[in-house]
Amino acid sequence: MKKLIVFDLDGTLAPSKSSLDSEMASLLHDLLGVVRAAVISGGAWLQFERQVLSKLKQDERLANLSILPTCGTQFFQYAGQWTRLYAGDFMTGEKEKIIGSLSSVAIAGFKVEKTWGEAIEDRGSQITYSALGQQAPLEDKEKWDADFAKRKKIKAILDTLIPKFSVRLGGATSIDVTKPGIDKAYGIKKLREILGIEVKEMIYVGDALFPGGNDYPAEEAGVVSIAVRGPDDTKRVIETMIACLNNAG
Ligand SMILES: [Mg+2]
C-alpha cells in the first residue's frame, strides 16, 4: 500500500514556471483526500506559492501535502499556515565559485541571441541557470533544448569546472547547482525522516527520469517511479491512483 505520492513540479504538475490549471488543482485536491503527497522541485518557495498553493483549495487537506523547494534543502508543512521546518544555504565563497563558472559557460558559446531577465538566480541553497533568462516566454523555452542536448553539453563542462558541486538539468532551459548530495534523492531521504514513510511506500512522478535528469536521483534512491511527458500524462496518473487507492481502501 503506497502512503506518499511525490511529484516533480515543472513539466510534471504544470508547464515550466506556470501555474497548475484548474483540472490539475482539482485532481490534487481529490488525491490529498485519499493519500499524502509531496512536491519536490528545484524552484524556490515563492514559485510553489505562485504555481501550486495559490491554485489549490484552501482546506484541511493541505495538511497532507509537503512542499520541498530547492530539492528538499527546505521543507514546508501545513498546520493552519505554511511553516518552514529547516533551510540549508550556500556559503558566500561557494556562491561566487558557482556563479563565476555559470557565467563562463554562458560566455563559452551557449549564450543565446535573446534573453528575458536574469539568467542566474540565487535561491539560497541552490543556484539556477536559466539559459534564456527567468522571464523567457514558455514557447521559446520549450523550443530551445527540448531534447536536453545543449544542457547535457553544458553539464559536462560544469562538471569539470565545479566538480565539488552537483549539477542537474531541470525545467525547460535550466540547470540547477547545489551542494553535493543535494538532489531529489536528498528530498526523498528528508521525506522519509520527517514523515516517517519508507521509500518502498512512496511513488515518484516526474518528467526527467532519465540519467542526468533532475528526477533521476529519486528513482536511484529506490522509489518506484512513473515517467510522464507532461501535465496531461500526470493527470491520467493521478486519476488512476485515486481509483486504485479508493478500491484498496
Ligand atoms: Mg521537471
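Numbering of ligands and ligand atoms starts at 1, following listing order. Just the heavy atoms: all of them, side chains too, but no hydrogens, waters or symmetry mates, feed the values below.
Residues F210 and F148 bring their aromatic ring centres within 6.0 Å.
Here the side chain of S225 pairs a donor or acceptor atom with the backbone of V223 at under 3.5 angstrom.
Residues in residues 45-58 take part in no salt bridge (charged side-chain N to carboxylate O under 4.0 Å, His left out) pair, two or more places apart or across chains. Identified under the salt bridge (charged side-chain N to carboxylate O under 4.0 Å, His left out) test for residues 88-100, with sequence neighbours left out: K95-D122. Sequence neighbours left out, the pairs with a member in residues 5-30 that pass side chain to side chain donor-acceptor pair (under 3.5 Å) are D8-T12, D8-K184, D10-Q51, T12-D207, S16-K141, D21-K235, E23-K235, E23-R236, H29-D59, H29-R61.
Below the 2.8 Å limit, the Mg ion (ligand 1) has as protein N, O or S neighbours D8 OD2, D10 O, D207 OD1.
Atom CD of E139 sits in a sparse spot, with 12 or fewer heavy atoms from other residues, nucleotides or ligands closer than 6.0 Å.
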